[in-house]
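All remarks here apply to the structure that follows.
Since we're looking at a predicted model, the values are computed, not measured. Throughout, protein chains are lettered first and strands after them, A, B, ... in sequence-line order, and every chain is numbered starting at 1.
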Amino acid sequence: MTELKRLALHDLHTELGGRMVPFAGYEMPVQYPAGVMAEHTHTREKAGLFDVSHMGQVILRAGSYEDAALALESLVPVDVAGLSEGRQRYGFFTNDAGGLLDDLMLANRGDHLFMVVNAACKVQDIAHMRAALEPQGVAVEEITDRALLALQGPMAEAVLAAHAPAVAGMRFMDVAVMEIDGAECWISRSGYTGEDGYEISVPEGAADGFARKLLADDRVLPIGLGARDSLRLEAGLCLYGHDIDAGTTPVEAGLTWAIQKIRRPGGARPGGYPGADRIAHDLDEGPARRRVGLRPEGRAPMREGVALFATEDGEDQIGKITSGGFGPTVGAPVAMGYVPAQFAEPGTRLWGEVRGKRLPVAVAPLPFTPANFKR
Amino acid sequence: MKFTEDHEWLRVEDDLVVVGITEHASTQLGDVVFVELPEVGTKVAAGDEIVVIESVKAASDIVAPVDGEIVEVNDAIVDEPGKVNEDPLGAAWFFKLKVEDMDEIDKFMDEDAYKEFVG
């Protein structure tokens, strides 16, 4: 068994009573003494602090931001070059079949591009970029001496502005570099909860002190992976390796909005990324299956892997659940999964097989809880 | 009160055995969001999975500790699964069992032995 890596804030997590579990090669807090439900609710009502330092932080440098951006466009179907300085955008790497290799955030930081990728994919992502981008003159630099924290919730702005007043002026998906207590922080107004908030890259040496300072504010609670998952599920956000993977195209996954018109057929810089033909086909004809929200009609949660059927007794499985559980804010079970396009209309009644019993579940619009972004 | 290695508690009430889960089990499970209880009248054998309990994290089963017949179930925890976390040893009992052989109960751990068992 490979040794689990420890986060820079490991001691803080154990001191706070975090229950540590293996996740993507790291020892991570799944919950603190408050528990998943209380942590979830606290984040929706006040502010939660998440340690997401396991995620990959990468800088791409070339002659200019635009050079790095145009090179990266050979791997992602996103308008990278057109992103304004100080702005961030969601994107993904695709494979030759149009499937998703990973999803990511990328930012225009003036003379370079900053990117955050998933922990479980980061080694593969960096190798993928080095192989494709270095021959194009792009330097791919993994940042390994910074922690990444997320402060999420309606009170996140007030909490963080006490230490860095300028964050109040940021809009959703703005990025900025700010000094907090002498440490250079890379801040974006974004997150993975559906709430307003920030993601903050902090030098490892300053991370413990910074996290303690935020936690000293009584509006802030530490939040583990358990509530991170229930928050993102209610917000309708995909979890890589579950709701999206190498066998899922962005169009099937409902991520077409992230492929700007300029990169689609007929745009100024169409295609040019792996799987562009397949994705163009899905865009044109519509995908055969779609990711949908699902609301079990009863109280029993329907979790990942639950088979979906069109009828209570029909034999043919039509789809399956890729994420599911109890939604603390919704107050009921919620799920996401894939179904054939003709069953994707909200309100369609399907059946999920739980412990050998078929239980009714309705296709529902996403997100389950409204987004509270500061646009 | 007696305790099983499956983290259930058993309390003898006249000729019935009341069954619930321990504080330790409820803490380990986390916030309980769903409980499915057996039907009254069900004949069960020791080890049968007769209750489904789901927390925010995962689903698990509760087994019949001994042979017997379900004579009463606690519908209150179906309506309010959170009671299992709030009062696992009291209000959040799961079912009452009419046991064929009451001597069976004696083989389970007492409180001290259970405390040692969970460390």
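Between the side chains of A:N118 and A:D103, at least one donor N or O sits under 3.5 Å from an acceptor N or O. Between the side chains of A:S323 and A:R232, at least one donor-acceptor pair of N or O atoms lies under 3.5 Å.
With rounding to the nearest 0.5 Å, the separation of CG in A:L148 from CG in A:L7 is 11.0 Å. Distance check, rounded to the nearest 0.5 Å: CD of B:E8 to CH2 of B:W93 gives 14.5 Å.
Within the 4.5 angstrom heavy-atom criterion, only backbone atoms of B:A58 (N, CA, C, O) approach chain A. For B:V52, the part lying near chain A is the side chain, with the backbone staying farther off; criterion is any non-hydrogen pair under 4.5 Å.
Closest approach of A:Y192 and A:C238 over heavy atoms only: OH-O, 2.7 Å.
The choice from A:M37, A:H40, A:Q31 that makes the most heavy-atom pairs within less than 4.5 Å of chain B is A:M37. No other option in B:D31, B:T27, B:N85, B:V35 has as many heavy-atom pairs under 4.5 Å with chain A as B:D31.
Residues of residues 298-319 of chain A lying within less than 4.5 angstrom of chain B, judged on heavy atoms, are A:R299, A:A300, A:P301, A:R303 in numerical order.
Applying side-chain contact (heavy atoms from CB on, under 4.5 Å) to A:T369 and the options A:L231, A:L233, A:V330 leaves one that passes, A:V330. Of the candidates B:V18, B:V73, B:I21, B:I21 is the only one forming a side-chain contact (heavy atoms from CB on, under 4.5 Å) with B:F94.
Between B:H7 and B:F117, the gap from one ring centroid to the other is short of 6.0 Å.
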